[in-house]
Engineer: 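Sharing a structure here in structure tokens format.
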Amino acid sequence: MREALSENPGTEGGVTRDDVLSALLSTIRLSGSLQFCFMPTGDWQTDAAPSLAGLSARATGTMPFHIVVAGSCWLKAEDEETDLEAGDVLVFPFGTGHQLGVGKNGTLVLPTRDLPQKPWREIPVLRYGEAAQSVRLLCGYLQWDGLSFAPLRQALPKMIHVRTRAANDRDWLRATIRQMVEEVDSPRAGGISMLPRLTEIIFIEILRHQIMMAKPHAIGLLAALADPALSRCLSLIHDDPRRDWSLELLAAASGSSRSALAERFQTMLATSPIRYIRDWRLYLASVALATTSQPIAAIAYDAGYATEAAFNRAFSRAFAQPPAAWRAAHC
């Protein structure tokens, strides 16, 4: 750690959870996505473990999602059944196996198997059965490298379920879903590239929803953002991760003692403030490797390492492969 901290770092104005979330999400990107429209009729059910073959370049970080556009159906995941209705959005951050269906012992449908071969000129629409339309879903997969950042990965549940129909504060989210449907129903030039962007907007809003729903006494990153002292500390880190932060400086800026801040970090995030900084810098380095042509030596310096060799060792421990191999696999 090299750069000196400016004086009086705690004199800035108040910090909200959205401030921290904005800094966090500004560096997190979807590295890929896939969308299709699924329209089954009658009694039906999907496979509990759909194959990702041909849909994603790699399984790690691949998250299935479903948006119920019309009708209703059930969801079964880990021996629990949930009724879904129009406006419901579901994301499975860790690819947890699940089934969708209507009725009991319905016809098995395999939409991931029936998708046409890529590349697509238009979003595929898969229809099953001859009865009048009863259910319509927008489905697909998100490829998100943010799961490489352990504190965020550990904070996410196996399933995120957001109901948009009854919530008065989600009008714009409903409008985004309607725009996605319009892009499918009335294909226009550029529509195939518009849907991934709309999907990313919905995903970011779902992460925001998780933060707002975090319980006061919960643990993990999303709950930590609701804690005033930790939110302040995390804001400082994410606003300027390259600074030469110390526990003393972070504690003073957060209005807490060193021991109290360290204890809160350990309780809420199962790590220390300094280790959190190290892990976040390494995550930022992974993003830079995947999205820029910066030399590895420059990325190592930005991550706070005096030598490229030291950076290579730390990165390999965190990501199970050296920086050059990571860049080759993710570009």
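As the structure is a computational prediction, the values presented were derived from the model and not from experiment.
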Engineer: Residues two or more places apart in sequence or in another chain: which of them pass side chain to side chain donor-acceptor pair (under 3.5 Å) with Ser259?
Structural biologist: Ser257

Engineer: Is the backbone of Thr46 close enough, under 3.5 Å, to the side chain of Gln99 for a donor and an acceptor to pair up by distance?
Structural biologist: yes

Engineer: Nearest 0.5 Å, please: how far is CD1 in Ile202 from CD1 in Ile206?
Structural biologist: 7.0 Å

Engineer: Can you hop from Val181 to Val125 via hydrophobic side chains spaced under 4.5 Å?
Structural biologist: yes

Engineer: Mind checking what makes side chain to side chain donor-acceptor pair (under 3.5 Å) contact with Ser33, not counting sequence neighbours?
Structural biologist: Gln35

Engineer: Could you tell me whether the side chain of Trp120 and the main chain of Pro116 form a donor-acceptor pair under 3.5 Å?
Structural biologist: yes

Engineer: Using the rule given for side-chain contact (heavy atoms from CB on, under 4.5 Å), can you reason through Leu234 versus Leu221, listing the C-alpha separation, both sets of side-chain angles and the distance that settles it, and then say yes or no?
Structural biologist: CA-CA 10 Å; Leu234 291 170; Leu221 179 60; 4.0 Å; yes

Engineer: Give me the ring orientation class for Phe315 and Phe311: parallel if the planes are under 30° apart, tilted from 30 to 60°, perpendicular past 60°.
Structural biologist: tilted

Engineer: Arg281 side chain to Arg242 main-chain N or O, any donor-acceptor pair under 3.5 Å?
Structural biologist: yes

Engineer: Could you state the interatomic distance from OG1 (Thr199) to CD1 (Ile177), rounded to the nearest 0.5 Å?
Structural biologist: 10.0 Å

Engineer: Short question: side chain of Thr267, backbone of Glu263 - any donor-acceptor pair under 3.5 Å?
Structural biologist: yes

Engineer: Check whether His98 reaches the backbone of Thr96 with its side chain - one donor and one acceptor, N or O, closer than 3.5 Å.
Structural biologist: yes

Engineer: Does Lys104 pair with Asp43 as a salt bridge, N-O distance under 4.0 Å?
Structural biologist: no

Engineer: Are Phe38 and Tyr128 near enough that their ring centres are under 6.0 Å apart?
Structural biologist: yes

Engineer: Taking Ser235 for its side chain and Arg232 for its backbone only, find out whether a donor-acceptor pair lies under 3.5 Å.
Structural biologist: no

Engineer: Thinking salt bridges, do Arg136 and Asp185 make one under a 4.0 Å N-O criterion?
Structural biologist: yes

Engineer: Please check if atom CD in Gln321 has more than 12 non-hydrogen atoms from other residues, nucleotides or ligands closer than 6.0 Å.
Structural biologist: yes

Engineer: With a 4.5 Å heavy-atom cut-off, do Met180 and Ile67 have their side chains touching?
Structural biologist: yes

Engineer: Which residue pairs satisfy the side chain to side chain donor-acceptor pair (under 3.5 Å) criterion with at least one member in residues 68-87, sequence neighbours excluded?
Structural biologist: Glu78-Lys158

Engineer: Does the ring center of Phe36 lie less than 6.0 Å from the ring center of Tyr141?
Structural biologist: no

Engineer: Got a second to check how far Leu90's CG is from Leu100's CG, nearest 0.5 Å?
Structural biologist: 7.5 Å

Engineer: Given the rule in the ring pair (Phe, Tyr, Trp, His ring centres under 6.0 Å) test, do Tyr276 and His238 qualify, once you have shown the distances and angles that lead to the verdict?
Structural biologist: CA-CA 10 Å; Tyr276 182 97; His238 286 280; 5.7 Å; yes

Engineer: Please assess Ser286 against Trp326 for the test side-chain contact (heavy atoms from CB on, under 4.5 Å), listing each intermediate value before the final yes or no.
Structural biologist: CA-CA 8 Å; Ser286 76; Trp326 175 272; 3.6 Å; yes

Engineer: Got a second to check how far Cys73's SG is from Leu84's CG, nearest 0.5 Å?
Structural biologist: 4.5 Å

